[in-house]
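Here's the structure we're looking at; comments come further down.
Since we're looking at a predicted model, the values are computed, not measured. Heavy-atom basis, side chains included; hydrogens, waters and symmetry copies ignored.
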Amino acid sequence: MRKLLDGTGALVVALILSASLGAPTTATAQEGASADPEIVEEAAPTTPVAGTTDVVSVPVEGDKLAITIEGSANGTVVIDLFEDVAPQHAAQLKALAQQGAYDGVVFHRVIDGFMAQTGDVEFGDSTAENFDMRRAGTGGSELDDIPLEASDELSFTRGMVGMARAQNPDSANSQFFIMFEDGPFLDGDYTIVGEVTEGMDVIDEIKRGTGPNGAVVGEADVMTTVRVLE
């Protein structure tokens, strides 16, 4: 893991890492000192999604996602997927969207000035009978994890879409995050899978979380539908 030059940055990275797992994470750093986040890895149990198929064997046509958001934010967001830069991650997002797996999934962790995170199809579906907001962010999907597809040419600037993962760089699955502001300290350590090309004003209105980890409490913003566009 890359060492960060400011304590706040180190804390934020730790939170993204832990969100995919659901394991509580504590990262401490003295002001002005660099620190590596310590992650407690606990594999989250997975529940197969009915009707799913192998992401590799059934390609999904289209290179954009259209996300309808409801809550504090209301509107449609369009994401251009970087299939040339992160083909495996783009294919996985499209496969899950095609299945309808993202429909109803909440934005469970939102850190003002940094990013909004969503995509937990296992525990983040607000329409599920057993939905518990406290578990949102601790799961993934029944599809395989994906190896890191880092880019030397792209940077985590405002509007970029990155894949959340655990400490293992090859553990991204279904969760992703959208940058409110530039975050170059993530470059090279996380996959950039796309960029918001329409609707950043909607993203800006997403309900912020509380506390240093940005966990959303109470009613969260929801991706009501996520569809693949050609």
Side-chain angles (χ1 to χ4, degrees), residues 16 19-20 22 44 46-47 49-52 55 60 62-82 89-112 114-143 158-165 172-180 191-209 214-229:
I16 289 182
S20 298
T46 57
T47 302
V49 179
T52 56
V55 64
V60 179
D63 60 359
K64 303 177 188 292
L65 294 181
I67 303 174
T68 303
I69 298 174
E70 293 183 1
S72 296
N74 291 277
T76 300
V77 173
V78 176
I79 294 173
D80 279 7
L81 296 173
F82 296 155
H89 289 78
Q92 185 120 317
L93 292 188
K94 290 196 299 180
L96 291 169
Q98 185 76 6
Q99 296 165 9
Y102 283 129
D103 295 358
V105 173
V106 298
F107 284 85
H108 63 271
R109 174 165 283 118
V110 183
I111 301 176
D112 193 29
F114 182 36
M115 59 89 210
Q117 187 167 330
T118 185
D120 181 357
V121 303
E122 183 178 5
F123 296 122
D125 182 0
S126 61
T127 68
E129 289 186 9
N130 61 346
F131 173 69
D132 184 343
M133 188 63 192
R134 295 170 297 182
R135 299 195 70 188
T138 66
S141 77
E142 52 81 32
L143 299 179
R158 172 175 162 80
M160 287 295 187
V161 181
M163 295 296 294
R165 61 169 176 78
N173 190 281
S174 66
Q175 293 191 42
F176 59 92
F177 57 93
I178 301 171
M179 303 296 290
F180 289 126
T191 297
I192 298 176
V193 69
E195 181 179 16
V196 173
T197 55
E198 298 178 32
M200 264 311 289
D201 56 327
V202 179
I203 296 298
D204 287 337
E205 296 301 316
I206 292 175
K207 178 181 176 180
R208 269 43 172 186
V216 176
V217 178
E219 294 293 327
D221 288 80
V222 177
M223 298 190 294
T224 56
T225 61
V226 180
R227 297 292 179 263
V228 180
L229 300 178

Kindly say whether [Y] contributes a backbone atom to a donor-acceptor pair with the side chain of [X] at under 3.5 angstrom?
X	Y	value
S141	L143	yes
K207	V110	no
Q175	G139	yes
T118	V106	yes

With sequence neighbours left out, write down each residue that passes side-chain contact (heavy atoms from CB on, under 4.5 Å) with V78, or none if nothing qualifies. K64, D80, T197, E198
Who pairs with D204 by side-chain contact (heavy atoms from CB on, under 4.5 Å), at least two apart in sequence or on another chain? R158, F180, M200
Taking all heavy atoms of [X] and all of [Y], pick out the closest pair and write down the distance.
X	Y	result
Y102	S174	OH-O, 2.7 Å
D120	T138	OD2-N, 3.1 Å
A220	M133	CB-CE, 3.6 Å
A136	G124	CB-CA, 4.1 Å

Could you walk me through whether Q92 and N173 satisfy the side chain to side chain contact (heavy atoms under 4.5 Å, CB included) test, starting with their C-alpha distance in whole Å, then the side-chain angles of each, then the deciding distance to 0.1 Å, before giving a yes or no? CA-CA 8 Å; Q92 185 120 317; N173 190 281; 4.0 Å; yes
Nearest 0.5 Å, what's the [atom1]-[atom2] distance between [X] and [Y]?
X	Y	atom1	atom2	answer
I203	F107	CD1	CZ	5.0 Å
M115	I206	CE	CD1	11.0 Å
F176	M160	CZ	CE	15.5 Å
H108	S126	NE2	OG	13.5 Å

I'd like to check the side-chain hydrogen bond (donor to acceptor under 3.5 Å, both in side chains) partners of D221; sequence neighbours left out, ordered by chain and number. none
D125: salt bridge (charged side-chain N to carboxylate O under 4.0 Å, His left out) partners, not counting sequence neighbours: none
Partner residues of D132 under the salt bridge (charged side-chain N to carboxylate O under 4.0 Å, His left out) criterion, sequence neighbours left out: R134
Note, M163 side chain near L93 side chain (heavy atom, < 4.5 Å): yes
Only pairs under 3.5 Å count here: list side-chain donor-acceptor contacts from residues 65-72, not counting sequence neighbours, and write none if there are none.
from	atom 1	to	atom 2	distance (Å)
T68	OG1	T225	OG1	3.1

